[in-house]
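Taking it in order: structure first as structure tokens, then the write-up.
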Amino acid sequence: MGKVFKTITLRLSADEYSHLKQQTEMTGLKMEPLLRQLIMGVNLRPRPPDSYAALLRELSAIGNNINQLAHQANARDDATKAEISEAAQLVRQAWRMVKDAF
């Protein structure tokens with residue numbers, strides 16, 4: 001047997017309704033799921049920006065490149081200036097992406 005739902009009526013002032021709308025926009029949830037989660041004590045967080053997924057993919061790729069450079073440097077027991085410069089550039093690129101996303 002499925003869940004049995006009960007209906008309630010909730011009256012809000014204009015300020016309360018405006019705040020609720022802001023919370024729905026911030027979390028990306030519709031009003032009903034948002035209210036259900038709040039009632040259940042869920043700590044709601046802002047929805048990540050749309051660019052977040054792309055940022056994570058880019059950071060993952062940068063991390064993989066740096067890891068490959070470190071592996072090569074360990075295998076040869078040294079790292080060239082060009083490899084160190086490239087790794088530093090990748091780290092700066094990642095930093096700029098994170099800074100621009102937020």
| field | Heavy-atom check, side chain of Gln23 versus side chain of Leu44, under 4.5 Å | value | no

| said: Taking side chain to side chain contact (heavy atoms under 4.5 Å, CB included) as the definition, give me every residue that meets it alongside Leu20, ordered by chain and number, with sequence neighbours left out. | reply: Leu12, Met31, Leu34, Leu35

| request: Would you list the pairs meeting salt bridge (charged side-chain N to carboxylate O under 4.0 Å, His left out) in which at least one residue belongs to residues 35-44, sequence neighbours left out? | output: Glu32-Arg36

| field | Hydrophobic cluster identity match, Val42 and Leu10, side-chain contacts under 4.5 Å | value | yes

| query | Can you list the residues that meet the side-chain hydrogen bond (donor to acceptor under 3.5 Å, both in side chains) rule with Ser13, with sequence neighbours excluded? | reply | Glu16

| With sequence neighbours left out, what residues match Asn65 under side chain to side chain contact (heavy atoms under 4.5 Å, CB included)? | Gln68, Leu90

| task | To the nearest 0.5 Å, tell me how far Arg57 CZ sits from Ile62 CD1. | result | 13.0 Å

| task | Kindly give the heavy-atom pair with the smallest separation between Thr27 and Arg45, and that separation in Å. | result | CG2-O, 3.7 Å

| side chain to side chain contact (heavy atoms under 4.5 Å, CB included) partners of Glu25, counting only residues at least two apart | none

| query | Listed by chain and number, what are the side chain to side chain contact (heavy atoms under 4.5 Å, CB included) partners of Arg92, not counting sequence neighbours? | reply | Ala88, Gln89, Arg96

